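Below is one structure, written out as structure tokens; comments come after it.
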Amino acid sequence: MKINLPDGSIKEYEKKVKVENVISDISESLLRVCLGAVVNGKILGLNDEIEEDSDFKAVKFDDPEGKQIFWHTTSHLMACAISELFSDVKFAIGPSTETGFYYDMDTEHRFVPEDLEKIEKRMLEIAKKGYELEKIEISREEAIKYFKEKNQNYKVEIIEDLPEDEKISLYKLGDFVDLCKGPHLKNTKDIKAVKLLSIAGAYWRGDSDKQMLQRIYGISFPKKKLLDEELERRADAEKRDHRKIGKEMGLFEFHEEGPGFPFFKPNGMIIKNSLEYWWRDVLNHNGYGEIETPIILNDKLWHRSGHWDHYKENMYFTEIDNEGYAVKPMNCPGSVLTYSDEQHSYRDLPIRMAEFGKVHRHELSGALHGLFRVRTFTQDDAHVYCLPSQIEEEVVKIIDLADYLYSTFGFKYTLELSTRPDDFMGDIESWNYAEESLKKVLDTKKLDYKINEGDGAFYGPKIDFHIQDAAKRTWQCGTIQLDFQLPENFDLTYIDENGEKKRPVMIHRALFGSLERFIGILTEHFAGHFPLWLNPQQVVIIPVSDKYLDFANELKEKIEKNNFRVKVDSKNEKVGYKIREAQLMKTNYMLVVGENEKESGKLSVRKRNGEEIKNVDLDDFISTLKEEKDTKSIESMLN
């Protein structure tokens with residue numbers, strides 16, 4: 001049996017071997033810090049066995065797969081502690097997530113924040129005992145019998161829904177036994193720090209017709225220092241929460257009459273329109289023509305595009321003149337109809353069509369989250385129709401465009417190549433060609449990227465951009481998708497140099513992704529302190545008394561003539577109050593004006609970070625603002 005390691009070396013074994021033994025053979029020091037491994041794409045714990053030729057990568061806590069092992073084990077540890085502290089608890093599921101873990105439970109006891117401290121304490125006491133998680137494999141019938149005797153009806157339901165020949169594995173932690181496939185830590189003593197974060201409700205299996213369960217969320221670490229850093233990061237993220245800042249700055253709101261449908265207020269529209277105006281200009285200079293397609297189209301279109309078979313559960317439907325119609329969840333079929341409206345020559349290609357298209361997608365109410373997860377949003381969509389020989393050049397241009405976009409806001413980003421999913425449309429050959437084309441571009445540009453197996457769109461592989469914000473959180477934003485299927489489904493053609501009809505290739509791309517979501521990300525990235533060119537309130541003039549209102553309005557008029565958003569705060573309040581109010585609105589610059597400013601013509605400028613600059617000439621101030629706006633600087637340029 002051959003085990004292929006990331007460095008290209010091979011370990012050979014005569015029979016099945018434990019993960020920990022393979023890591024030990026690589027290095028004893030590596031074993032001391034590893035939690036498991038990724039074997040043929042599957043995450044395994046140290047005690048799990050390998051029985052076939054495999055690609056093998058050891059993982060630590062720093063790796064996403066290592067965190068998954070660590071947090072999944074901690075969810076069992078929490079369930080163990082709860083089973084000891086509270087009676088008659090029925091356990092449902094307890095998975096790891098990208099940010100920790102949770103467990104869903106059914107119990108008469110209503111969990112309160114004080115309970116979380118008791119559970120944390122008990123969890124650490126159990127972890128300290130150093131239990132090894134013991135795997136037990138039993139038959140389906142034995143598992144059903146065992147959990148029925150324990151009155152664990154949710155576990156019984158899970159098992160009964162599994163195939164008849166499914167292998168059932170249980171894990172024993174002390175006296176607590178849970179249904180689970182793993183993977184887990186070898187020993188609970190690795191868990192040194194735990195924090196239970198919140199209590200929430202969750203319907204069993206996400207079905208509102210089923211039992212409401214109690215869900216406890218948590219996080220854990222191998223060191224107390226890491227937990228402290230995480231709690232500090234979460235506290236910072238809470239201050240940056242775009243929903244809180246959006247309300248304070250009057251950017252957007254939600255109403256119960258339209259859950260998941262954002263209402264943008266005037267200040268929010270300033271940001272949204274500024275982004276759109278800028279990006280339209282960028283696209284114009286990069287050879288894109290803009291189109292607009294209908295929001296509602298006949299459902300025959302969605303059958304033909306493949307969305308009916310692959311995306312129907314996420315769509316909204318209506319009826320017009322006794323015929324079925326669908327509200328578009330994506331812009332691509334409308335773009336396809338626009339392309340097919342006239343015959344194109346190979347000389348016309350590539351054709352780049354951009355659209356700020358409004359789409360609607362059905363999201364479960366429990367998944368809705370501010371601007372990050374909504375039911376309607378605006379995509380900065382574009383579709384490039386090109387020759388097969390033009391694919392790589394066009395993808396390179398789109399990557400360069402994405403780099404320009406993200407660097408404008410100071411975002412770093414990583415790339416991910418997502419390959420053919422199980423429910424793909426089309427033939428394997430075209431998929432392989434598409435995947436190799438994208439891979440070749442990334443390799444040629446010498447870009448680092450990860451392969452995300454099986455996560456491509458149903459019509460084609462894709463490159464996804466994951467941006468990192470100021471709080472070091474990552475967000476999936478832009479995407480480039482290579483599509484051979486829609487041109488086939490809609491019989492798209494161009495006339496080649498020999499006068500024959502050929503099939504173009506279609507490249508889908510959205511770089512903001514969703515303008516609404518991107519605004520949410522920007523809000524948290526800048527903590528509401530938007531760059532000057534985007535900020536709804538750029539300058540506030542604060543007269544020290546009504547005596548200087550006329551002077552303040554003269555300044556306002558001069559600055560406004562240079563296309564800046566200026567406000568005079570004429571309220572009958574103290575100067576300190578007005579400054580604090582302007583700071584709450586994250587105003588870039590405040591001009592406090594009184595006798596000295598009126599007499600000298602020199603300004604006293606307060607920046608939003610509290611720094612004050614005196615004796616600033618008005619023309620110099622306006623000139624600096626222009627430079628800051630035109631260069632889209634993310635820092636103040638006034639010194």
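Fair warning: this is a prediction, and the values are worked out from it, not measured in the lab.
- For CD of Glu290, the number of neighbouring non-hydrogen atoms (other residues, nucleotides, ligands) closer than 6.0 Å is greater than 12.
- Screening Val568, Ile622, Val566 for a side chain to side chain contact (heavy atoms under 4.5 Å, CB included) with Val539, the sole residue that qualifies is Val566.
- The pair Glu248-Lys244 counts as a salt bridge, with a side-chain nitrogen and a carboxylate oxygen less than 4.0 angstrom apart.
- With salt bridges taken as basic N to acidic carboxylate O contacts below 4.0 Å, none links Glu229 and Arg233.
- Salt bridge Arg473/Asp469: present, at least one basic N to carboxylate O contact under 4.0 Å.
- In terms of heavy-atom proximity, Ile519 sits nearest to Leu371 at CG2-CD1, 4.2 Å.
- Using modelled atom types, one side-chain atom of Asp63 and one backbone atom of Lys60 make a donor-acceptor pair closer than 3.5 Å.
- Aromatic ring centres of Trp475 and Phe372: separated by under 6.0 Å.
- Between the side chain of Thr624 and the backbone N or O of Asp620 there is at least one donor-acceptor pair closer than 3.5 Å.
- Atom CE of Met249 is separated from atom NE2 of His529 by 8.5 Å, given to the nearest 0.5 angstrom.
- Note on Glu230 versus Lys195: no salt bridge recorded, every NZ/NE/NH1/NH2 to OD/OE distance being 4.0 Å or above.
- Summarising the local packing, NZ of Lys547 is surrounded by 12 or fewer heavy atoms from other residues, nucleotides or ligands at distances under 6.0 Å.
- The closest donor-acceptor contact from the side chain of Arg361 to the backbone of Pro329 lies under 3.5 Å.
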**Message:** Does Glu276 form a salt bridge (Lys or Arg N to Asp or Glu O under 4.0 Å) with Arg280? I'd like the steps, not just the answer.
**Reply:** CA-CA 6 Å; Glu276 283 194 29; Arg280 276 192 171 96; 3.1 Å; yes
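- In this structure, Glu516 does not pair ionically with Arg375, as no charged nitrogen and carboxylate oxygen lie closer than 4.0 Å.
- A distance-only check finds no donor-acceptor pair linking the side chain of Thr587 to the backbone of Gln538 [under 3.5 Å].
- Using a cut-off of 4.0 Å between Lys/Arg side-chain N and Asp/Glu carboxylate O, Lys598 and Glu595 are scored as not salt-bridged.
- Atom CG of Leu555 sits about 11.0 Å away from atom CG of Asp550, to the nearest 0.5 Å.
- For the residue pair Ile291 and Glu355, the shortest heavy atom distance occurs at O-CG, 3.5 Å.
- His344 contributes a side-chain N or O that, together with a main-chain N or O of Tyr339, makes up a donor-acceptor pair within less than 3.5 Å.
- A cation-pi arrangement, defined by a distance under 6.0 Å to the six-membered ring centre and an angle within 45 degrees of its axis, is present between Lys629 and Phe564.
- The aromatic rings of Phe518 and Phe512 stand perpendicular to each other, their planes meeting at an angle above 60°, with 30° marking the opposite boundary.
- At least one donor-acceptor pair under 3.5 Å links the side chain of Trp71 to the backbone N or O of Ser220.
- With a 6.0 Å cutoff to the six-membered ring centre and a 45° limit on the axis angle, Lys607 does not count as a cation-pi contact of Tyr589.
- Side-chain contact, Asn562 with Lys626: a donor N or O sits under 3.5 Å from an acceptor N or O.
- Ring planes of His525 and Phe411: tilted class, angle from 30 to 60°.
- Of the inter-residue distances, the one linking Ile296 atom CD1 with His360 atom NE2 reads 8.5 Å to the nearest 0.5 angstrom.
- The number of heavy-atom neighbours closer than 6.0 Å to NE2 of His285, taken from other residues, nucleotides and ligands shown, is 12 or below.
- Remark: of the listed residues Glu394, Arg352, Met353, Met353 is the sole one forming a side chain to side chain contact (heavy atoms under 4.5 Å, CB included) with Tyr385.
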